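It should be emphasised that the depicted structure is a prediction, and the values quoted were computed from it without experimental measurement. What's counted below: heavy atoms across the whole structure, side chains too, no hydrogens, waters or symmetry copies.
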Amino acid sequence: MYSPLNRNKWEPYIWLLPSILLIAIFVIFPIIIVFKLSFSEISKAGVIGGFVGFQNYKDAVQLPAFKTVMLNTFWWVISVVGISTVLGFIIAMVFNQKFHGRKIARAILVFPWATSLVIQASVWNYIIKYEYGSLNSVLLNLGIIKQAINWRSSYQIEFIWECGVGIFVTVPFVAFCVLSGLQSIDNSLYEAATVDGAGFWSKLWRITLPMVRPSLTVSTVLNIIYVFNSFPIVYTMTKGAPANKTDTMITYLYMLSFYERKKGPATAMSVIGFLILCICAGIYMITVMRKEEEQ
């Protein structure tokens with residue numbers, strides 16, 4: 001027998017059903033397929049064979065560039081996420097103050113984040129060119145240097161430039177996330193702290209940081225995922241050259257799959273990357289939640 005109570009019980013799930021179906025089709029189902037492929041034999045033509053156990057994982061770990069790529073990925077994520085979080089927080093603190101041209105400055109800040117990553121990487125490639133790069137041209141015209149500098153003299157410097165571009169395009173996202181948290185803080189808290197004799201650093205540690213922690217948590221977790229999976233910057237600037245020395249996991253497994261035709265190990269590496277992200281995000285979220293409970 002129909003009852004309004006039954007309708008009220010199931011109505012929220014009915015409204016959520018389209019979203020759940022989309023997530024299942026475009027997220028969960030592909031993940032299951034990739035896990036299945038990582039345990040299957042895959043020919044160079046992409047033909048799926050039988051079950052091979054952990055052979056694809058063994059082949060992936062034994063690849064000559066595997067250790068280098070994993071280490072690059074670690075430093076890539078740590079440097080880009082860490083430095084952009086610090087710089088973004090500082091910029092957000094500045095932009096939270098009232099000054100002339102604040103709206104224009106905020107609009108300018110969003111450009112690096114809103115622009116295509118391929119365009120950003122291509123522009124920076126042009127800027128640091130040795131022969132006709134704009135950076136050398138400006139420094140030469142200003143008399144700061146006597147002759148052009150090779151800004152890409154080694155793969156280590158190439159990788160530093162990649163990280164620099166990653167930081168440049170990531171800072172605006174962190175800044176606006178933190179800025180949204182800062183604007184939600186009641187100014188009366190700072191006024192009360194000032195009356196009690198609290199200085200800048202005391203306000204920062206006891207009011208600002210605890211209040212913007214949710215925003216920082218969201219931006220950090222999302223940045224770890226985005227930066228780890230970032231493909232355009234590395235591929236556009238170096239394509240992993242020389243000899244995969246500047247590759248990260250995501251660009252390396254692309255080259256492995258589509259250029260070297262080693263689809264089995266590439267699939268296994270994608271699963272390894274997925275598990276690493278799940279572990280890192282889980283540890284970070286648990287740590288943050290414990291700190292909030294302690295407070």
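The minimum heavy-atom distance between Val227 and Val77, with the atom names listed, is CG1-CA, 4.0 Å. Here the closest non-hydrogen pair linking Ala148 and Asn136 is CB-ND2, 3.8 Å. Closest approach of Thr236 to Ser122, counting heavy atoms only: CG2-OG, 3.6 Å. Shortest non-hydrogen contact noted between Ala92 and Leu182 is O-CD1, 3.5 Å. Between Ala266 and Leu253, the shortest heavy-atom contact is CB-O, 3.7 Å. In terms of heavy atoms, Phe176 sits closest to Arg106 at CZ-O, 3.4 Å.
For Lys203, the NZ atom sits in a packed shell: over 12 heavy atoms of surrounding residues, nucleotides or ligands are nearer than 6.0 Å. No more than 12 heavy atoms of other residues, nucleotides or ligands shown are found within 6.0 angstrom of OH on Tyr132. The neighbour count for Tyr190 OH, taken as heavy atoms of other residues, nucleotides or ligands under 6.0 Å away, is above 12. For Arg102, the CZ atom counts as densely surrounded, since its 6.0 Å shell holds more than 12 non-hydrogen atoms of other residues, nucleotides or ligands. The environment of Phe51 atom CZ is dense: over 12 non-hydrogen atoms of other residues, nucleotides or ligands sit within 6.0 angstrom.
Both tests do not hold together for Lys239 against Tyr259: distance to the six-membered ring centre under 6.0 Å, angle to the ring axis within 45°.
For Asn244 (side chain) and Gly240 (main-chain N/O), no donor-acceptor pair under 3.5 Å exists by modelled atom type. A donor-acceptor contact shorter than 3.5 Å links the side chain of Ser84 to the backbone of Val81. Listed for the Asp186 side chain is a donor-acceptor partner under 3.5 Å among the backbone atoms of Ser188. Judged by distance alone, with hydrogens and angles left aside, the side-chain atoms of Gln120 form a donor-acceptor pair with the main-chain N or O of Pro112 at under 3.5 Å. For Thr170 (side chain) and Ile167 (main-chain N/O), no donor-acceptor pair under 3.5 Å exists by modelled atom type.
Residues Trp151 and Tyr130 have side chains not in contact (no heavy-atom distance under 4.5 Å, counting atoms from C-beta outward). Put simply, the side chain of Met255 reaches to within 4.5 Å of the side chain of Tyr235, judged on heavy atoms. In this structure, the side chains of Tyr57 and Ser38 come closer than 4.5 Å at one or more pairs of heavy atoms. A 4.5 Å side-chain heavy-atom check between Thr267 and Phe35 finds every atom pair outside the cut-off. Between Val234 and Glu158 there is no side-chain heavy-atom pair separated by less than 4.5 Å. Under the 4.5 Å side-chain criterion, counting only non-hydrogen atoms from C-beta, Leu209 is in contact with Phe89. Contact of the Thr248 side chain with the Val69 side chain is not registered, since no non-hydrogen atoms from C-beta on lie closer than 4.5 Å. Met249 has its side chain out of reach of Asn229: every pair of non-hydrogen atoms, C-beta onward, lies at least 4.5 Å apart.
A distance of 9.0 Å separates CD1 in Ile48 from OG in Ser43, rounded to the nearest 0.5 Å. With values rounded to the nearest 0.5 angstrom, Glu162 atom CD is found 6.5 Å from Trp76 atom CH2. One distance of note links CG of Leu17 with CG of Leu21; it measures 4.5 Å at 0.5 Å rounding. Residue Ile78 holds its CD1 atom at 4.5 Å from CZ of Phe74, rounded to the nearest 0.5 Å. Going from atom NZ of Lys44 over to atom NZ of Lys262 covers 8.0 Å, rounded to the nearest 0.5 Å. Between atom CD1 of residue Ile250 and atom OG of residue Ser270 there is a gap of 8.0 Å, rounded to the nearest 0.5 Å.
A donor and an acceptor atom, one from each side chain of Tyr126 and Ser134, are nowhere located under 3.5 Å apart. Under the 3.5 Å distance criterion, with hydrogens and angles disregarded, a donor-acceptor pair is assigned to the side chains of Thr251 and Asp247. Side-chain contact annotation: Arg152 with Asn125, donor-acceptor N/O pair under 3.5 Å present.
Applying ring pair (Phe, Tyr, Trp, His ring centres under 6.0 Å) to Trp113 and the options Phe173, Phe168, Tyr226 leaves one that passes, Phe173. Of the residues listed (Asn72, Thr68, Thr238), the one engaging Thr246 in a side chain to side chain donor-acceptor pair (under 3.5 Å) is Thr238, and it is the only one.
The pair Lys129-Glu131 does not count as a salt bridge, with every side-chain nitrogen at least 4.0 angstrom from each carboxylate oxygen.
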Apply side chain to side chain contact (heavy atoms under 4.5 Å, CB included) to Leu256 and Leu63, showing your working.
CA-CA 10 Å; Leu256 199 64; Leu63 289 168; 3.6 Å; yes
Should Phe66 and Tyr252 be marked as a ring pair (Phe, Tyr, Trp, His ring centres under 6.0 Å) after you check the CA-CA gap, both sets of side-chain angles, and the distance that decides it?
CA-CA 9 Å; Phe66 180 80; Tyr252 181 62; 8.0 Å; no
Would you check, one step at a time, whether the test side chain to side chain contact (heavy atoms under 4.5 Å, CB included) holds for Leu179 with Gln183?
CA-CA 6 Å; Leu179 188 59; Gln183 291 179 338; 4.1 Å; yes
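Using cut-offs of 30° and 60° on the angle between ring planes, the pair Tyr254 and Phe231 is perpendicular. Ring geometry for Trp161 versus Trp124: interplanar angle of 30 to 60°, hence tilted.
When hydrophobic clusters are built by joining Ile, Leu, Val, Met, Phe, Trp and Tyr residues whose side-chain heavy atoms come closer than 4.5 Å, directly or via intermediates, Ile279 is not grouped with Ile31. In the hydrophobic clustering of this structure, Leu135 groups with Ile233; members are Ile, Leu, Val, Met, Phe, Trp, Tyr whose side-chain heavy atoms approach within less than 4.5 Å, directly or through other members.
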